[in-house]
Amino acid sequence: MKLNIALLAGDGIGPEVIDQAVKVSDAVAEKFGHEINWKPALTGAAAIDAVGEPYPDETHEICASSDAVLFGAIGHPKFDNDPTAKVRPEQGLLKMRKKLGLFANVRPTFVFPSLLDKSPLKKERIEGTDLVFFRELTSGVYFGEKGRKDDGNTAFDTNMYTKEEITRLAKKGFEAAMQRSKKLCCVDKANVMETSRLWRETVQGMEKDYPEVEVSYEFVDAVAMRLVQWPKDYDVLITENLFGDVLTDEASVISGSMGLMPSASLGTSISLFEPIHGSYPQAAGKNIANPMATVLSAAMMFENFGLAEEGKVIREAVNKALAEGIVTEDLAEGGKAYGTTEVGDWLAKNI
Ligand code: IPM
Ligand code: MN
């Protein structure tokens with residue numbers, strides 16, 4: 001297969017972890033006879049510094065004309081500590097999601113047998129956890145009308161959803177449930193919010209199209225609690241943008257390391273793959289960042305092209321590295337810590 005992949009390294013540790021994912025993907029391409037044409041483009045603080053814009057039009061053109069986007073991380077402390085900054089890296093991320101129509105953010109949470117004791121949660125609670133969130137990504141309170149009122153001391157953010165937006169996200173969730181254990185949980189706050197009542201009503205209306213799927217409806221506060229208590233009770237979860245943002249960070253703790261969880265953002269025509277961790281500026285340039293989440297994001301990318309075997313060899317290489325202790329310092333625990341590039345080289349060699 002010939003693949004054109006937009007490569008958005010971004011900020012902080014982004015470039016370092018992206019380099020490893022490229023190395024590993026190239027090894028996969030060579031093994032299976034694919035051709036990957038990487039198309040680097042600017043985003044985030046790096047783009048603001050270069051052209052004054054976190055998601056420049058040129059970057060959008062490159063993304064929109066590619067088969068997929070592989071993304072590192074964005075965010076820089078100089079913006080975090082300046083609430084008056086007019087342009088922020090995160091605006092680029094939101095603009096990119098909107099302009100590319102990346103409406104379904106897929107965030108899996110699973111555990112690695114060799115790392116079960118890394119999680120702050122009890123081993124017997126998390127062993128066997130394998131769940132996936134479908135977070136709506138291009139609407140809700142992130143994109144609703146927001147602002148300040150006259151005196152500046154009153155602020156508002158509007159949450160808004162259309163039936164169409166809920167339906168297309170829920171459809172992805174139902175389809176995933178059909179491929180998995182046929183269990184779907186719709187997470188909302190229908191006891192309080194009108195948007196949530198529309199979510200519930202819409203998903204209830206879709207149940208007849210998927211008679212084999214057992215659907216449950218749970219309030220987001222209860223899910224926040226049950227997720228860490230009984231993660232094995234969940235399989236596919238669907239939810240709105242803000243609830244999904246919060247719950248997926250919480251869920252990443254189950255796996256024991258944010259440095260391991262990949263994600264996909266699916267659009268109508270193009271999809272993007274990225275680690276769920278942030279730009280971790282303190283570690284930038286030190287060759288210590290864990291590249292595995294980005295490498296696993298590349299695995300999701302291959303799988304999304306229907307190349308299941310290619311994804312599998314990447315996952316196997318990562319499992320093997322974890323089992324053999326070829327890990328960065330976040331997972332080394334007194335043992336030898338390998339550098340970002342060394343882990344990447346090892347994975348590429350083991351493809
Ligand atoms: C995420 C991040 C973003 C979000 C931020 C950086 C805007 O936290 O991808 O989850 O809130 O969606
Ligand atoms: Mn988040």
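As the structure lists them, so they are numbered: ligands from 1, and atoms in each ligand from 1. These numbers come from a predicted model, not from an experiment.
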| request: Scan Val220, Asn191, Asp188 and name whichever one has a side-chain contact (heavy atoms from CB on, under 4.5 Å) with Ser196. | output: Asp188
| Does an N or O from Asp245, backbone or side chain, lie closer than 3.5 Å to an N or O of ligand 1? | yes
| request: May I ask you to identify the nearest protein heavy atom to atom 6 (C) of ligand 1, giving residue, atom name and distance to one decimal place in Å? | output: Glu90 CG, 3.7 Å
| message | I need the nearest protein heavy-atom contact for atom 11 (O) of ligand 1: residue, atom name and distance, please. | response | Tyr142 OH, 2.5 Å
Is the closest heavy-atom distance from [X] to ligand 1 below 4.0 Å?
X	value
Arg97	yes
Arg135	yes
Arg107	yes

| message | Using the rule given for side chain to side chain donor-acceptor pair (under 3.5 Å), can you reason through Glu240 versus Asn159, listing the C-alpha separation, both sets of side-chain angles and the distance that settles it, and then say yes or no? | response | CA-CA 10 Å; Glu240 65 147 87; Asn159 195 18; 3.2 Å; yes
| query | With distance as the sole test, does Lys183 use its side chain to make a donor-acceptor pair with the main-chain N or O of Asp233 at under 3.5 Å? | reply | yes
| Shortest-distance N/O/S atom, Asp245 versus the Mn ion (ligand 2) |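 Of all N, O or S atoms belonging to Asp245, OD1 is the one nearest the Mn ion (ligand 2).
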| query | Given Glu310 and Lys31, is the salt bridge (charged side-chain N to carboxylate O under 4.0 Å, His left out) satisfied, shown in steps? | reply | CA-CA 9 Å; Glu310 285 79 343; Lys31 183 181 171 97; over 6 Å; no
| request: Output, in order, the C-alpha distance, side-chain angles, deciding distance and verdict of salt bridge (charged side-chain N to carboxylate O under 4.0 Å, His left out) for Glu333 and Lys118. | output: CA-CA 9 Å; Glu333 217 168 58; Lys118 287 276 187 264; 3.2 Å; yes
| field | Phe219-Val236 co-clustered via ILVMFWY side chain contacts under 4.5 Å | value |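 As far as the 4.5 Å side-chain criterion goes, Val236 and Phe219 are not connected within one cluster.
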